[in-house]
J.: 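Supplied in structure tokens, the structure appears directly below.
Chain identifiers are assigned alphabetically (A, B, ...) following the order of the sequence lines, protein sequences preceding nucleic acid strands; residue numbering begins at 1 within each chain. Any value given below was found using the heavy atoms of this structure, including those in side chains, with hydrogens, waters and symmetry copies removed.
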Protein chains: 2
Amino acid sequence: MKGQALKGHLDLLVLSVLAQGPCHGYGVIEQLRARSGDAFDLPEGTVYPALHRLEQAGLLESEWSEDSGRRRRTYRLSESGRGALVTERSAWEEFSDAVSAVLSGVPWPRPT
Amino acid sequence: MKGQALKGHLDLLVLSVLAQGPCHGYGVIEQLRARSGDAFDLPEGTVYPALHRLEQAGLLESEWSEDSGRRRRTYRLSESGRGALVTERSAWEEFSDAVSAVLSGVPWPRPT
DNA sequence: CCTTCATACCTCGGAATGCTAGGCATAGCC
DNA sequence: GGCTATGCCTAGCATTCCGAGGTATGAAGG
């Protein structure tokens with residue numbers, strides 16, 4: 001995956017993962033890698049600040065837990081977060097369709 | 001269209017427009033608006049620097065022209081630009097598919 | 001015991017990018 | 001003359017992603 005292609009869409013991805021159940025930061029990274037078929041392999045320096053940002057914005061809630069001597073911070077979607085996910089998903093679809101529309105006019109050098 | 005959702009994908013859009021024929025800056029903005037069904041209404045402060053960047057990178061070539069007393073700068077895809085368009089389009093499709101894959105796991109509150 | 005690796009968290013600073021806000025100039029219309 | 005549309009430009013700000021570095025625990029291997 002080319003550098004910083006996901007600019008502006010990271011929030012949507014993180015919210016999507018957490019919509020399927022609470023998870024901690026490291027787990028979010030693994031989920032994204034798994035669900036995207038290895039396309040998204042995000043560095044920690046990308047994901048952790050994003051989680052903090054989303055919590056700051058009230059879209060996530062977090063809770064510390066101790067699991068076999070390891071401290072973890074588990075994130076969960078808030079009600080606002082659930083709403084934001086719906087909004088962001090719509091925005092993504094609109095955006096994606098718009099890009100497709102622009103691209104559809106471009107001659108494509110491959111067989112159809 | 002929500003603010004700066006197109007981060008990182010602007011180049012692809014501009015190259016796509018210019019792949020369909022030479023055009024000047026103002027025209028690129030209009031083309032994008034038209035082809036996207038008004039989804040993309042980009043400010044000049046976004047598009048002009050992008051054109052300069054792409055020319056700097058060798059993906060575009062430009063030429064000044066005088067049309068009824070108005071000076072215009074007409075941009076054209078270079079060979080490199082044509083190659084970059086292919087690369088960027090592939091990258092977009094990969095990215096788009098990856099996002100879709102992640103989203104596909106999210107329960108969607110609307111009828112399918 | 002000690003090293004190494006995987007897990008798990010964090011932050012700082014750089015780099016890129018888009019946008020707001022301003023400016024300049026010409027043509028056409030009222 | 002004034003206003004709008006066309007057509008170009010730049011400076012500086014804000015946001016965002018990422019590389020690099022730091023901390024700490026547990027398990028595995030020697």
Side-chain angles (χ1 to χ4, degrees), chain A residues 1-15 17 22-34 39-57 59-60 62-75 88 91 95 98-99, chain B residues 1-15 17 22-34 36 39-57 59-60 62-75 88 91-92 95 98-99:
Chain A
M1 176 69 48
K2 213 194 67 185
Q4 68 248 40
L6 46 73
K7 278 207 177 171
H9 306 289
L10 176 60
D11 292 3
L12 170 62
L13 294 174
V14 171
L15 291 175
V17 167
C23 195
H24 60 288
Y26 207 85
V28 169
I29 294 176
E30 290 176 329
Q31 294 271 320
L32 281 176
R33 186 170 39 228
F40 295 134
D41 190 9
L42 308 183
E44 304 180 357
T46 294
V47 175
Y48 286 120
L51 289 168
H52 299 161
R53 213 187 334 157
L54 291 170
E55 184 173 25
Q56 197 75 18
L59 307 185
L60 301 183
S62 74
E63 201 179 359
W64 284 102
S65 63
E66 194 84 19
D67 197 14
S68 63
R70 278 216 194 79
R71 63 183 199 135
R72 284 177 168 181
R73 191 157 161 184
T74 302
Y75 291 91
E88 293 239 350
F95 174 71
V99 173
Chain B
M1 176 69 48
K2 214 193 66 187
Q4 69 249 39
L6 46 74
K7 280 209 179 168
H9 307 288
L10 175 60
D11 292 3
L12 171 62
L13 294 174
V14 171
L15 292 176
V17 167
C23 194
H24 60 288
Y26 207 84
V28 169
I29 294 176
E30 289 175 328
Q31 293 272 320
L32 281 176
R33 187 170 38 228
S36 69
F40 295 134
D41 190 9
L42 307 184
E44 303 180 359
T46 294
V47 174
Y48 285 120
L51 288 169
H52 299 162
R53 216 187 335 166
L54 291 170
E55 184 173 24
Q56 197 73 21
L59 307 184
L60 301 183
S62 74
E63 200 179 0
W64 284 101
S65 62
E66 194 85 18
D67 196 15
S68 62
R70 276 215 195 81
R71 61 183 199 135
R72 284 178 168 179
R73 191 159 162 183
T74 302
Y75 291 91
E88 292 239 351
W92 160 258
F95 175 71
V99 173

J.: Are the side chains of B:Y26 and B:V47 in touch, meaning some heavy atoms are under 4.5 Å apart?
T.: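 A side-chain contact under 4.5 Å is absent here.
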J.: Does B:H9 place a side-chain N or O at less than 4.0 Å from the phosphate oxygens OP1/OP2 of C:dT17?
T.: no
J.: Without decimals, in angstroms, what is the distance between A:D41 CG and D:dG19 P?
T.: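 Going from A:D41 (CG) to D:dG19 (P), I get 10 Å.
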J.: Counting just side-chain N and O atoms, does B:Y48 come under 4.0 Å of either OP1 or OP2 of D:dC8?
T.: yes
J.: Rounding to an integer number of Å, can you tell me how far B:F40 CZ sits from C:dC19 P?
T.: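 From B:F40 CZ to C:dC19 P: 10 Å.
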J.: Please state how far atom CZ in A:R72 lies from atom P in C:dT7, giving the value in whole angstrom units.
T.: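 From A:R72 CZ to C:dT7 P: 10 Å.
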J.: Within the structure, does a side-chain N or O atom of A:T46 lie under 4.0 Å from either OP1 or OP2 of D:dC18?
T.: yes
J.: Measuring from the side chain of A:R70 (C-beta onward, heavy atoms only), which nucleotide among C:dC9, C:dA6, C:dT20 has the closest atom?
T.: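 Out of C:dC9, C:dA6, C:dT20, the nucleotide with an atom closest to A:R70's side chain is C:dA6.
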J.: Mapping B:E30 and B:Y75 to their closest nucleotides on DNA chain D, which lands nearer the 5' end?
T.: B:E30
J.: Is the CD atom of B:E66 crowded by more than 12 outside heavy atoms at less than 6.0 Å?
T.: yes
J.: Do you know which of A:E63, A:E55, A:H24 makes side-chain hydrogen bond (donor to acceptor under 3.5 Å, both in side chains) with A:R73?
T.: A:E55
J.: Is the distance from OP1 or OP2 of C:dC10 to the nearest side-chain N or O of A:R73 less than 4.0 Å?
T.: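 Checking A:R73 against C:dC10: at least one side-chain N or O falls below 4.0 Å of OP1 or OP2.
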J.: Return the value, rounded to whole Å, for the distance between atom CZ of A:R53 and atom P of D:dC18.
T.: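 Those two atoms, CZ and P, are 11 Å apart.
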J.: Find the distance A:L54:CG to D:dT16:C1' and express it as a whole number of Å.
T.: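 Roughly 12 Å, once rounded to whole Å.
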J.: Determine the contact category for A:G45: base if any of its heavy atoms lies under 4.0 Å from a base atom, sugar-phosphate if only primed atoms, P, OP1 or OP2 are that close, otherwise nothing.
T.: base
J.: Give the rounded distance in Å between these two atoms: CD of A:E44 and P of D:dA20.
T.: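 Distance, rounded to whole Å: 14 Å.
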J.: What is the distance, to the nearest angstrom, from the CG atom on B:L13 to the P atom on C:dT17?
T.: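 Whole-Å distance recorded here is 14 Å.
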J.: Do the side chains of B:E88 and B:D11 get nearer than 4.5 Å, heavy atoms only?
T.: yes
J.: Please report the distance, rounded to the nearest Å, between CH2 in B:W64 and P in D:dG7.
T.: 12 Å
J.: Do B:Y75 and B:V28 have side chains that approach each other closer than 4.5 Å (heavy atoms only, starting at C-beta)?
T.: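 Heavy-atom side-chain distance check fails, nothing below 4.5 Å.
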